[in-house]
Amino acid sequence: MDEQEANNKASRAEFALGDSEDEYRPDVQESCITPANIPCLFSRVDSSDLIFHTPKQAKIYGKYLFGDVLGEGSYGKVKEVLDTSSLCRRAVKIMKKRKLKRIPNGEINVDKEIRLLRKLGNENIIELVDVMYNTEKQKLYMVLEFCVANLQEMLDSSIDKKFPDWQAHRYFVQLADGLEYLHCQRVVHKDIKPSNLLLTSGGTLKITDLGVAEELDLFTNDDICFTSQGSPAFQPPEIANGDESFSGFKVDIWSAGVTLFNFTTGKYPFEGDNIYKLFENIGKGVFQLPKELDEQLADLLNQMLLYDANKRISINQIKCHSWYCRKHCELQDFIQIPGNNETNDPHRGMTVIQFLEELHGRNNDLGSEAEKPPSTLVFMKDSYPVSEVKTLRAHVPPPGDQPSLLHENKQNVSPAKQQSTARSVTNERLTLPLDKKGRKSSRFKSVCDVS
Ligand SMILES: Nc1ncnc2c1ncn2[C@@H]1O[C@H](COP(=O)(O)OP(=O)(O)OP(=O)(O)O)[C@@H](O)[C@H]1O
């Protein structure tokens, strides 16, 4: 037997297994390898257990580069996108025509939402940036300003499902501003609830989802409505009792009252095992406020959840109420925006980065540490074009190089600097009146060249 053959024999024997699946016996002779032993070498896997990880492909539609799914509603998915011309982070609601046809009033509601959002413009109302229609795929894209979270997610993530008083007050003030604007434009929202209140990374509240909103006749003096399609737990007694007509504005006041109740107690004023029981309870209008609740807050809630809509507090009166006008000390810890469970990202960073890297390459090819372009922490407000960011230090790549990209790159920043930056951001946000988030990642990005 020559040396080569001896080596082969030895290596074959190395893989001959013993009785136990994990035990291998280098001493077992080649003759011991039989077809019966083979299953021990390759454990059997059912085809249904096989998961193929096909790499995600970058997708561009129009000038938008698509990122991950942000959430899904009854009308369709909402995805994060990057406007490649302005470098603004956006959200796009994708709706299939076929699905809209199956939803009662689906197409009418979407048409109405687009029409309304196009004409509205207020800091506390979500901005519609663009609308696109793909005739081939029969899909409608509503490009919206980007928000980092909705208030329902934040409530769900907190231990007792509520906000501290001052944080609830901060959101409620913005909700009242947004509602006041809508009512001045003679628009009744009809579906105010925490999941329809979004937050930008700067902590600004945005009222969204105007799919069931109603634009009142400009030439009449009243706010009488005849239909409602809002979420049951947030509906007032006049709707639960099936009144034929009702004041639209007072419906929004009631829903905002249920929302404030939920913000501050973690509960709902009316509950029921099914919609009939729930409407029966709302219809009676009797609810309990927790005894420990702040007196002024209890008074405001009682006035917002007044059974008689004619006597229910108006938005102007809310803005003069003592709880509303009072300064609220930021004593308790605030409820932070939870991380993204899907992507395991505690900071909800930009999900388009992976696709930018796929399209333009990673920054692996950078030379030595000394040759790397400077990496700078910049304040990047999600809705501002990067060109407006004063602290941005642009690296102009040599001709022929790939274009520079926005890239999250914390490695180039010392841990001490990261920590101190995070601290100052948190403190800064705590003192800002509209700030709620207090986290660094979505606001702070580092910019480095990727070539
Ligand atoms: N502009 C946005 N920025 C970031 N996330 C958003 C934006 N708009 C919606 N989302 C998220 O996408 C998800 C789906 O929103 P969508 O408005 O389609 O449905 P919904 O209001 O949750 O449900 P439904 O439409 O059934 O009432 C939600 O989790 C919402 O927080």
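Excluded from the calculations below are hydrogen atoms, water molecules and symmetry mates; all remaining heavy atoms, backbone and side chain alike, are included. The first residue of the sequence shown is numbered 1, and numbering continues consecutively from there.
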Just by distance, with hydrogens left out, do [X] and [Y] show a side-chain donor and acceptor under 3.5 Å apart?
X      : Y      : answer
Asp130 : Tyr141 : no
Gln235 : Ser228 : yes
Asp191 : Ser231 : yes

(request) List the steps and the verdict of side-chain contact (heavy atoms from CB on, under 4.5 Å) for Tyr75 and Val110. (result) CA-CA 9 Å; Tyr75 283 61; Val110 172; 3.5 Å; yes
(message) Is it true that, when you exclude Lys137 itself, more than 12 heavy atoms of the residues, nucleotides or ligands shown sit nearer than 6.0 Å to its NZ?
(response)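 Counting neighbours around NZ of Lys137, 12 or fewer heavy atoms of other residues, nucleotides or ligands fall under 6.0 Å, so no.
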(message) How about NZ on Lys96, more than 12 heavy atoms from neighbouring residues, nucleotides or ligands closer than 6.0 Å, or not?
(response)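 12 or below, so no.
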Distance (rounded to the nearest 0.5 Å) between [X] [atom1] and [Y] [atom2]:
X      : Y      : atom1 : atom2 : value
Leu359 : Gln57  : CG    : CD    : 9.5 Å
Ile207 : Lys193 : CD1   : NZ    : 14.0 Å
Met142 : Met95  : CE    : CE    : 5.0 Å
Ile282 : Tyr268 : CD1   : OH    : 12.0 Å
Asp111 : Glu107 : CG    : CD    : 7.5 Å
Leu117 : Leu144 : CG    : CG    : 7.0 Å

Between [X] and [Y] (salt bridge meaning N to carboxylate O under 4.0 Å), is one present in this structure?
X      : Y      : result
Glu180 : Lys319 : yes
Glu215 : Lys119 : yes
Asp223 : Lys250 : no

(request) Test Ile60 against Phe66 for side-chain contact (heavy atoms from CB on, under 4.5 Å), laying out the working first. (result) CA-CA 6 Å; Ile60 296 180; Phe66 283 65; 5.9 Å; no
Close side-chain approach of [X] to [Y], heavy-atom, < 4.5 Å:
X      : Y      : answer
Phe172 : His169 : no
Arg90  : Val129 : yes
Asn134 : Tyr61  : yes
Phe234 : Val251 : no
Leu140 : Val131 : yes
Asp165 : Leu297 : yes
Glu330 : Phe334 : no
Leu198 : Val148 : no

(message) Is there a side-chain contact (heavy atoms from CB on, under 4.5 Å) between Gln167 and Phe263? Walk through the geometry before answering.
(response) CA-CA 9 Å; Gln167 197 175 356; Phe263 280 177; over 6 Å; no
(message) Considering only residues two or more places apart or on different chains, which pairs with a residue in residues 69-86 satisfy salt bridge (Lys or Arg N to Asp or Glu O under 4.0 Å)?
(response) Lys63-Asp83, Glu80-Arg89
What donor-acceptor contacts under 3.5 angstrom involve side-chain atoms of residues 153-160, with partners at least two apart or in another chain?
| from | atom 1 | to | atom 2 | distance (Å) |
| --- | --- | --- | --- | --- |
| Glu153 | OE1 | Asn150 | N | 2.9 |
| Glu153 | OE1 | Asn150 | ND2 | 3.4 |
| Glu153 | OE2 | Arg348 | NH1 | 3.3 |
| Glu153 | OE2 | Arg348 | NH2 | 2.9 |
| Asp156 | OD1 | Gln152 | NE2 | 3.0 |
| Ser157 | OG | Met154 | O | 2.8 |
| Ser158 | OG | Leu155 | O | 2.9 |
| Ser158 | OG | Lys161 | N | 3.0 |
| Ser158 | OG | Lys162 | N | 3.2 |

Using modelled atom types and a 3.5 Å cut-off, is there a donor and acceptor pairing between side-chain atoms of [X] and backbone atoms of [Y]?
X      : Y      : value
Thr264 : Leu260 : yes
Glu113 : Leu210 : yes
Tyr181 : Gly121 : yes

Where do [X] and [Y] come nearest, in terms of heavy atoms and distance?
X      : Y      : result
Leu182 : His189 : CD1-CB, 4.0 Å
Phe261 : Lys267 : CD2-O, 3.3 Å
Lys97  : Tyr133 : CD-OH, 3.2 Å
Ala168 : Phe163 : N-CB, 3.9 Å
Cys147 : Lys206 : SG-CG, 4.0 Å
Leu175 : Ala256 : CD2-CB, 4.0 Å

Please tabulate, for the side chains in residues 270-277, all donor-acceptor contacts under 3.5 angstrom to protein atoms that are two or more places apart in sequence or on a different chain.
| from | atom 1 | to | atom 2 | distance (Å) |
| --- | --- | --- | --- | --- |
| Asn274 | OD1 | Tyr276 | N | 3.1 |
| Asn274 | OD1 | Lys277 | N | 2.8 |

(request) Identify which one of Ile318, Asp252, Val188, Asn124 satisfies the side-chain contact (heavy atoms from CB on, under 4.5 Å) criterion when paired with Leu179. (result)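 The single option meeting the side-chain contact (heavy atoms from CB on, under 4.5 Å) with Leu179 is Asp252.
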(request) For Asn281, check side chain to side chain donor-acceptor pair (under 3.5 Å) against everything at least two apart and list the hits. (result)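 Side chain to side chain donor-acceptor pair (under 3.5 Å) list for Asn281, sorted by chain: empty.
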(request) For Glu214, check side-chain contact (heavy atoms from CB on, under 4.5 Å) against everything at least two apart and list the hits. (result) Lys190, Leu216, Cys225, Thr227
(request) Check side-chain contact (heavy atoms from CB on, under 4.5 Å) between Ile108 and all other residues, then give those that pass, not counting sequence neighbours. (result) Asn105
(message) Could you go through Ile337 and His347, starting from their C-alpha distance and side-chain angles, then the distance that decides it, and tell me whether this counts as side-chain contact (heavy atoms from CB on, under 4.5 Å)?
(response) CA-CA 8 Å; Ile337 291 172; His347 306 301; over 6 Å; no
